[in-house]
Amino acid sequence: MDKAEFNTHVQELPKPEISVASSYIQTLDPDALWRSTKENLKLMIGAEEFKNTFGGCYIENISNGVAQVSCDVPYKREKMLRDYRLALKDALLKSCGQNLEIEINLREGEAVKEKPKYEYHDPRTNQTVDLFSAAENEKSLKEENLKKAQLNPRYLFSNFIVGTNNRLAEAIAQAVVDSLGEAYNPVFFHGNTGVGKTHLMQAIGNEVINRFPEKKVVYISIEQFLNEMVDSIRTKRNEDFRNKYRAVDLLIIDDVQFVETYPRTQEELFHTFNTLYQANKQIVLASDRPPKEIKNITDRLRSRFEGGMVADIQAPDYETRLAILQQMIIDKGSNVNVPKEYLDLIAKNVENNIRELEGALTKVLSLFKLGMNPTYEDIGRLLQIDLESKRKKISPAKVMKCVSESFDVKLADIKGDRRTAYIAQCRQIVMYILRNELGMPLERVAKEVNRKDHTTVLHACEKIKALREKDSRFNEKMQNCYKLIRE
């Protein structure tokens, strides 16, 4: 056989069959595949969740149709196996077109060192419980659920200041935590912007997760609800969207008034509401107005908003604003000693919005942090408060008139010589207000009430201040009197 005949014979021999898929898998670059898979995973579960679960992971090897994924810490491996195995397979399929099997391993040398065990033997069940692991697992579960819930960990019941403006709403919130889905369902908070609705709602969510780590909680604004719904329609993942919001124990929706402009969102919200309500799951809503004042929503949705507990949150009164400012200083971890009269100035002049209160306080704290020692007038200028014009608007005559009405005493007796205990106390109230509210000199205050000695004014101010601190009913009368003066 010559050379030409040999070559022809070789070409005609049967070739071994090699599938395209097998050939492709063998030539896959693990690094390139992981880069593509990461992007798909981020789109599927979100960048933040990807970072928490898949950060520090990569594909080590691909062979025989198996992708070997390497993890740096044990809890990520457990989470991937428990929650994201199917998502990872789907992302790999989209990246390479092959239905790869997955093997998830912990990298050698990066395993967490074994922790000391704190065990308790339960004689009733004859079982040994690892207390350390149980506590660690619960802490990990809480942290994971807080991230999923999208809650701000700063919003707690412990730093929510309760006053006359929000006492009922706070009591309802506490009852919701104690009897989730049973006490009040749904709960609908309403009030103007900046009165504490978001803080109170998120405090409910944080407390539920703290007490019951296994509960599923979701906090969302109605705008985000709309955006996710539109995205689910675009990506044809409607079922995933519905499962996210209909398989929870507590759903918190903020700014629900904006649903009035989105009919399709109203429809989805209605069905989500019904599903949760029928399953005795808790629903908490908030709006800047009561349900009956939200325009352009369907009657069936409005009736469901009104079907539970509707609670109004008013703007905080002066005393509550002052307490909020003091709590804000603690929350900020500031070691600056802001004089009480400066906080008093803020509380008196920023009346309707807690966010504005915080903004004003931040400006004042910044002066102290820059090493300055601002005066009362400096604070007034910083906050654009016209101190003189405010003082001029409140005359001594108006103070006496308001004290007369609030404490049921004759004007003539306040400036007169009668010394009965009650009249003397009302006279002292006038001196206290003239001194503290109007900032009048001691001698001028004494003259206004026909007294000669300024030490009488000092004694009156100390006595009324002490009485306000120890007698809540007297302090309430003083608050009502201040309201009349400032009107």
Does R154 have more than 12 heavy atoms from other residues, nucleotides or ligands lying within 6.0 Å of its CZ?
no
Taking [Y]'s backbone N and O only, do any of them form a donor-acceptor pair with [X]'s side chain (distance below 3.5 Å, no angle check)?
X    : Y    : result
N436 : C461 : no
T261 : F258 : yes
R321 : V350 : yes
R468 : E476 : no
T53  : F50  : no
N166 : G163 : yes
N206 : Q202 : yes
D378 : T375 : yes
D317 : T320 : yes
N105 : S70  : no

Salt bridge (charged side-chain N to carboxylate O under 4.0 Å, His left out) partners for K463, two or more places apart:
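Not a single residue meets the salt bridge (charged side-chain N to carboxylate O under 4.0 Å, His left out) criterion with K463.
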Lys/Arg cation over aromatic F270: R304, 6.0 Å, 45° cone
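Here R304 fails the 6.0 Å and 45° test against F270.
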Give every donor-acceptor pair under 3.5 Å between a side-chain atom in residues 180-191 and any protein atom, sequence neighbours left out.
unit_1	atom_1	unit_2	atom_2	d
N185	OD1	Q282	NE2	3.2
N185	OD1	I283	N	2.9
N185	ND2	K281	O	2.9

Between S287 and I294, is a side-chain contact (heavy atoms from CB on, under 4.5 Å) present by the stated rule, with each step listed?
CA-CA 9 Å; S287 168; I294 301 176; 3.8 Å; yes
Shortest non-hydrogen contact from [X] to [Y]?
X    : Y    : value
D249 : K215 : OD2-CA, 3.4 Å
I220 : E228 : CD1-OE2, 4.1 Å
A311 : I172 : CB-CD1, 3.7 Å
V217 : G205 : CG1-CA, 4.1 Å
I252 : M201 : CD1-O, 3.5 Å
C57  : M80  : SG-SD, 4.1 Å

How long is the span from the [atom1] atom in [X] to the [atom2] atom in [Y], to the nearest 0.5 Å?
X    : Y    : atom1 : atom2 : answer
F273 : L269 : CZ    : CG    : 8.0 Å
F160 : E207 : CZ    : CD    : 14.0 Å
M44  : T235 : CE    : OG1   : 10.5 Å
Q314 : L168 : CD    : CG    : 11.5 Å

With sequence neighbours excluded, what pairs up with Y245 under the ring pair (Phe, Tyr, Trp, His ring centres under 6.0 Å) test?
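By the ring pair (Phe, Tyr, Trp, His ring centres under 6.0 Å) rule, Y245 matches F225, F241.
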Residue of the set I222, L226, N296 for which side-chain contact (heavy atoms from CB on, under 4.5 Å) holds with Y262:
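For Y262, the side-chain contact (heavy atoms from CB on, under 4.5 Å) check succeeds only for L226.
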Test item: side-chain donor near acceptor, N40 and S95, under 3.5 Å:
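Distance-only check passes for N40 and S95.
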Are D331 and Q327 linked by a side-chain donor-acceptor pair shorter than 3.5 Å?
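There is such a pair between these side chains.
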For the pair D254 and T198, evaluate side chain to side chain donor-acceptor pair (under 3.5 Å) and give the outcome as yes or no after the intermediate values.
CA-CA 7 Å; D254 208 348; T198 298; 2.7 Å; yes
